[in-house]
S.K.: 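Take this structure first; my questions come after.
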Amino acid sequence: MSGPVFKMESRERVKRALDHKEGDRIPIHDSPWQATIDRWRREGLPSGVSPADYFGYELCGFGADTSPQFPIEILSEDEEYIVERTSYGGIRKNHRDYSTTPMIIDYPCKSREDWEKIKPRLKPSDYRVDWVSGLQNFHREYSRGRFITYNAAVGYDKIQNYVASPRLLKAVLTEPDWVMDMYWTDAKLAMEMCDRMMKAGFKFDGAFLFCDLGYRGGLFFSPKHYEEQLHPVFKELCRFFHSRGMYVILHCCGRVKDLIPYFIEEGIDCLQPLEVKAGMDLIELKEKYGDKMAFMGGIDVRLMALDDPKLIEEEIKRKITVAKEGGGYIYHSDHSVPKNVSFKQYKRVIELVKKYGKYEN
């Protein structure tokens with residue numbers, strides 16, 4: 001006679017993974033594009049049911065508007081594109097479904113003088129949070145047992161909203177004081193808004209920070225410049241969130257292997273998404289750093305869309321079997337799920353993740 005089936009709540013499952021402990025199975029989370037969700041609706045995703053609910057994604061994030069809050073303006077639009085001035089003061093051209101990276105037409109900061117004019121707008125304020133729907137949704141997701149995160153873009157990637165990449169990279173080399181002032185001003189606002197949200201009723205299990213620092217071939221700038229300029233900021237962010245009982249997950253695209261020792265020293269608990277095409281190999285990283293850091297992602301999304309179903313099964317079986325050992329792994333695609341992945345193909349992906357991500361109790 002079998003005993004009762006033990007079902008772990010998402011919050012506990014994710015915490016166990018981040019604490020390098022095994023649960024009933026690995027936690028599951030992912031990031032489908034809006035255009036992908038539109039396709040899935042046509043192919044059977046029930047109306048009114050989000051992919052998060054349908055597939056049982058286990059993290060749910062909330063955040064504050066940490067932009068300068070300039071009024072958003074639509075400058076032009078046609079059947080395919082929409083051009084708008086953003087809350088950062090820059091101009092972006094997007095596909096109407098926002099399914100691709102926007103074309104950047106203009107930036108608000110060409111110099112430090114421009115930054116000094118914007119900086120007074122970066123003060124904490126209750127107007128930076130949608131309290132009504134935000135708190136309602138928080139209570140709903142918390143009661144469901146999801147792992148709740150405070151989401152914030154920070155660091156170099158965030159500052160690219162203000163300064164064009166070539167200009168910002170030049171400043172990293174020649175105007176480090178300006179770059180660090182932008183990093184710190186933004187990070188302090190992110191921390192202060194987290195405290196405001198917690199005082200008003202939000203309960204966060206972790207922080208999900210977003211900062212891309214590499215591309216397919218390597219880092220945007222040297223580890224030396226990272227160590228001098230951004231490393232102290234990330235250290236303080238981790239100290240702040242840990243002191244409030246929160247884990248820290250870092251989303252960092254590209255080939256960022258050389259920064260992992262810094263991430264560990266800072267206190268980053270989990271690295272995501274581990275882009276395969278950028279050489280971020282989940283098995284290699286687990287074997288090298290798995291006792292010091294958890295990992296989330298690393299499953300090659302390109303294989304999900306292929307006609308041969310054996311290839312994605314082999315990918316999931318090979319990687320998850322190793323990554324799940326001793327805890328420390330959360331499933332995610334190696335970036336986000338594009339619209340060439342069908343609803344049927346993705347359903348099978350999640351079935352395979354549950355099959356190979358199960359722990360033998």
S.K.: Check the pair F55 / I28 against side chain to side chain contact (heavy atoms under 4.5 Å, CB included), numbers first and verdict last.
M.R.: CA-CA 8 Å; F55 293 112; I28 291 172; 5.8 Å; no
S.K.: If you define the side chain from C-beta out and look only at heavy atoms, does anything of K119 sit under 4.5 Å from D181?
M.R.: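 K119 reaches D181 side chain to side chain.
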S.K.: Report the C-alpha distance between V179 and I159 in whole Å, list the side-chain angles of each, state the deciding distance to 0.1 Å, and finish with yes or no for side chain to side chain contact (heavy atoms under 4.5 Å, CB included).
M.R.: CA-CA 9 Å; V179 172; I159 301 307; over 6 Å; no
S.K.: Which atoms form the tightest heavy-atom contact between A64 and V129, and what is the distance?
M.R.: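 It is CB-CG2, 3.9 Å.
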S.K.: What pair of heavy atoms forms the shortest contact from T36 to V337, and how long is it?
M.R.: OG1-O, 2.7 Å
S.K.: Decide salt bridge (charged side-chain N to carboxylate O under 4.0 Å, His left out) for E236 and R239; before the verdict, give the C-alpha distance in whole Å, the side-chain angles of both, and the deciding distance to 0.1 Å.
M.R.: CA-CA 5 Å; E236 176 57 21; R239 186 208 63 75; 2.8 Å; yes
S.K.: Salt bridge (charged side-chain N to carboxylate O under 4.0 Å, His left out) between R196 and E192: does it pass, once the steps are laid out?
M.R.: CA-CA 6 Å; R196 280 199 184 214; E192 287 165 350; over 6 Å; no
S.K.: One thing to verify: whether D53 and R144 come together as a salt bridge, which I'm taking to mean a side-chain N less than 4.0 angstrom from a carboxylate O.
M.R.: yes
S.K.: Here's a test for you: under ring-ring contact (aromatic ring centres under 6.0 Å, His included), which of Y162, Y183, Y88 qualifies with W115?
M.R.: Y162
S.K.: Under a 4.5 Å side-chain heavy-atom rule over Ile, Leu, Val, Met, Phe, Trp and Tyr, are I249 and M246 clustered together?
M.R.: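 No, I249 does not connect to M246 through the hydrophobic network.
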S.K.: Report yes if some heavy atom in the side chain of L230 is under 4.5 Å from a heavy atom in the side chain of E266; otherwise report no.
M.R.: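 Answer no - side chains too far apart.
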S.K.: Judged by atom type as modelled, is there a donor-acceptor pair below 3.5 Å linking the side chain of W40 to the main-chain atoms of V341?
M.R.: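 Yes.
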S.K.: Check this for me: does any side-chain nitrogen of one of E77 and R96 sit under 4.0 Å from a carboxylate oxygen of the other?
M.R.: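 Counted as a salt bridge, because a side-chain N and a carboxylate O are separated by less than 4.0 Å.
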S.K.: Verify, without hydrogens or angle tests, whether Q345 (side chain) and S342 (backbone) share a donor-acceptor contact under 3.5 angstrom.
M.R.: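 Here the side-chain-to-backbone pair exists.
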S.K.: Can you say whether the rings of F234 and Y226 are parallel (under 30°), tilted (30 to 60°) or perpendicular (over 60°)?
M.R.: perpendicular
S.K.: Quick check: does any side chain N or O of S87 sit under 3.5 Å from a backbone N or O of S67, one acting as donor and the other as acceptor?
M.R.: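 No: the side chain of S87 does not pair with the backbone of S67.
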S.K.: Using a 3.5 Å distance criterion without hydrogens, assess whether the side chain of E315 forms a donor-acceptor pair with backbone atoms of D300.
M.R.: yes
S.K.: Are Y346 and Y54 near enough that their ring centres are under 6.0 Å apart?
M.R.: no
S.K.: For a quick test of your reading: what N or O donor-acceptor pairs under 3.5 Å do the side chains of residues 207-216 make, sequence neighbours left out?
M.R.:
residue: D212; atom: OD1; partner: H251; partner atom: NE2; Å: 3.3
residue: D212; atom: OD1; partner: C253; partner atom: N; Å: 3.0
residue: R216; atom: NE; partner: K277; partner atom: O; Å: 3.3

S.K.: Looking at A190 and V154, what are the two nearest heavy atoms and their distance?
M.R.: CB-CG1, 4.5 Å
S.K.: Write down the atom of S10, the atom of E58, and the distance for their closest heavy-atom approach.
M.R.: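 Looking at all heavy atoms of both residues, the shortest contact is OG-OE1, 2.7 Å.
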S.K.: Quick one: side chain to side chain donor-acceptor pair (under 3.5 Å) partners of K344, sequence neighbours excluded?
M.R.: none
S.K.: Any donor and acceptor pair, going by atom type alone, linking the side chain of K324 with main-chain N or O of K358 inside 3.5 Å?
M.R.: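 Flag set: sc K324 to bb K358 pair under 3.5 Å.
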S.K.: Going by side-chain heavy atoms closer than 4.5 Å, which hydrophobic residues are tied to Y81, directly or by a chain of links?
M.R.: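 None; Y81 is a cluster of one.
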S.K.: Output the distance between atom CE (M193) and atom OG (S125), rounded to the nearest 0.5 Å.
M.R.: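 Reported value, rounded in 0.5 Å steps: 6.5 Å.
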S.K.: Think K286 forms a cation-pi with F295, using NZ or CZ under 6.0 Å from the six-ring centre and within 45 degrees of its axis?
M.R.: no
S.K.: Using a strict cut-off of less than 4.0 Å between a Lys/Arg side-chain nitrogen and an Asp/Glu carboxylate oxygen, indicate whether R167 and E175 qualify as a salt bridge.
M.R.: yes
S.K.: Give a yes or no on whether a salt bridge exists between D269 and K15, defined as a side-chain N under 4.0 angstrom from a carboxylate O.
M.R.: no
S.K.: Under a 4.0 Å threshold between the charged nitrogen and the carboxylate oxygen, would K288 count as salt-bridged to E284?
M.R.: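 No.
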S.K.: Can you tell me if M198 has over 12 outside heavy atoms packed within less than 6.0 Å of its CE?
M.R.: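 Yes - once you tally the heavy atoms of other residues, nucleotides and ligands closer than 6.0 Å, there are more than 12.
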S.K.: Does the separation of the ring centres of F263 and Y289 fall below 6.0 angstrom?
M.R.: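 No, ring centres 6.0 Å or more apart.
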S.K.: Does this structure show an ion pair linking K224 with E228, if we count only N-O contacts that are shorter than 4.0 Å?
M.R.: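 Yes, K224 and E228 are salt-bridged.
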S.K.: With side chains defined as the heavy atoms from C-beta onward, is the minimum distance between L168 and M182 less than 4.5 Å?
M.R.: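 In short, these two side chains touch, coming nearer than 4.5 Å.
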S.K.: Of all the heavy-atom pairs spanning P108 and D114, show the shortest one and how long it is.
M.R.: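 In this case the closest contact between P108 and D114 is O-CB, 3.7 Å.
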S.K.: Answer yes or no for R85 and F70: cation-pi contact, defined as NZ/CZ to six-membered ring centre under 6.0 Å and angle to ring axis within 45°.
M.R.: no
S.K.: Output yes when a side-chain donor or acceptor of R146 lies under 3.5 Å from a complementary backbone atom of E141, and no otherwise.
M.R.: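 A pair under 3.5 Å: no.
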S.K.: Measure from the side-chain N and O atoms of R25 to the backbone N and O of R13, and report whether any donor-acceptor pair falls under 3.5 Å.
M.R.: no
S.K.: Salt bridge (charged side-chain N to carboxylate O under 4.0 Å, His left out) with D195: which residues, sequence neighbours excluded?
M.R.: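 Residues passing salt bridge (charged side-chain N to carboxylate O under 4.0 Å, His left out) with D195: R244.
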S.K.: Quick one: ring pair (Phe, Tyr, Trp, His ring centres under 6.0 Å) partners of H20, sequence neighbours excluded?
M.R.: none
S.K.: Using the rule given for side chain to side chain contact (heavy atoms under 4.5 Å, CB included), can you reason through L285 versus I260, listing the C-alpha separation, both sets of side-chain angles and the distance that settles it, and then say yes or no?
M.R.: CA-CA 9 Å; L285 295 172; I260 290 179; 3.6 Å; yes
S.K.: Measuring from L219:CG to L259:CG, what's the distance to the nearest 0.5 Å?
M.R.: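 Going from the CG atom of L219 to the CG atom of L259 covers 4.5 Å.
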S.K.: Give me the other members of the hydrophobic cluster that V276 sits in, counting Ile, Leu, Val, Met, Phe, Trp and Tyr linked by side-chain heavy atoms under 4.5 Å, directly or via other members.
M.R.: none
S.K.: Considering only NZ, NE, NH1 and NH2 on the basic side and carboxylate oxygens on the acidic side, decide whether E313 and K310 come within less than 4.0 Å.
M.R.: no
S.K.: Keeping N151 on the side-chain end and G63 on the backbone end, is there a donor-acceptor pair under 3.5 Å?
M.R.: no
S.K.: Flag the pair Y329 / V322 as yes when at least one side-chain heavy-atom distance between them is below 4.5 Å, and no otherwise.
M.R.: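 SC-SC contact between Y329 and V322 ruled out.
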S.K.: Determine whether L311 and E314 make a side-chain contact, defined as any pair of heavy atoms from C-beta on separated by less than 4.5 Å.
M.R.: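 L311 vs E314: side chains apart.
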S.K.: Mark yes or no for whether R348, through its side chain, and M304, through its backbone, hold a donor-acceptor pair below 3.5 Å.
M.R.: no
S.K.: Is R42 close enough and on-axis enough to F343, meaning under 6.0 Å and within 45°, for cation-pi?
M.R.: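 Not flagged: R42 not positioned over aromatic ring of F343.
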S.K.: Once the angle between the rings of F202 and F62 is folded into 0 to 90°, is it parallel (under 30°), tilted (30 to 60°) or perpendicular (over 60°)?
M.R.: tilted
S.K.: Over 60° means perpendicular and under 30° means parallel, so classify the ring planes of F147 and Y247, tilted if in between.
M.R.: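 Y247 vs F147 ring planes: tilted.
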S.K.: What is the minimum heavy-atom distance between L274 and D334, and which atoms define it?
M.R.: O-CB, 3.3 Å
S.K.: For the residue pair Y331 and K354, establish whether any side-chain heavy-atom pair is separated by less than 4.5 Å.
M.R.: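 Sidechains of K354 and Y331: no contact.
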S.K.: Give the ring-plane orientation class for F221 versus Y156, where under 30° counts as parallel, over 60° as perpendicular and anything between as tilted.
M.R.: perpendicular
S.K.: Give the ring-plane orientation class for F241 versus Y150, where under 30° counts as parallel, over 60° as perpendicular and anything between as tilted.
M.R.: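 Plane angle between 30° and 60°, so tilted.
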S.K.: Report yes if the side chains of R92 and I104 come closer than 4.5 Å at any heavy-atom pair, otherwise no.
M.R.: yes
S.K.: State, yes or no, whether a side-chain contact exists between P124 and L189 at a heavy-atom distance under 4.5 Å.
M.R.: yes
S.K.: Got a donor-acceptor contact below 3.5 angstrom from the K158 side chain to the D186 backbone?
M.R.: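 Flag not set: sc K158 to bb D186 has no pair under 3.5 Å.
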S.K.: Any idea how Y57 and H29 line up, ring-wise: parallel (<30°), tilted (30 to 60°), or perpendicular (>60°)?
M.R.: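 Perpendicular: the ring planes of Y57 and H29 meet at over 60°.
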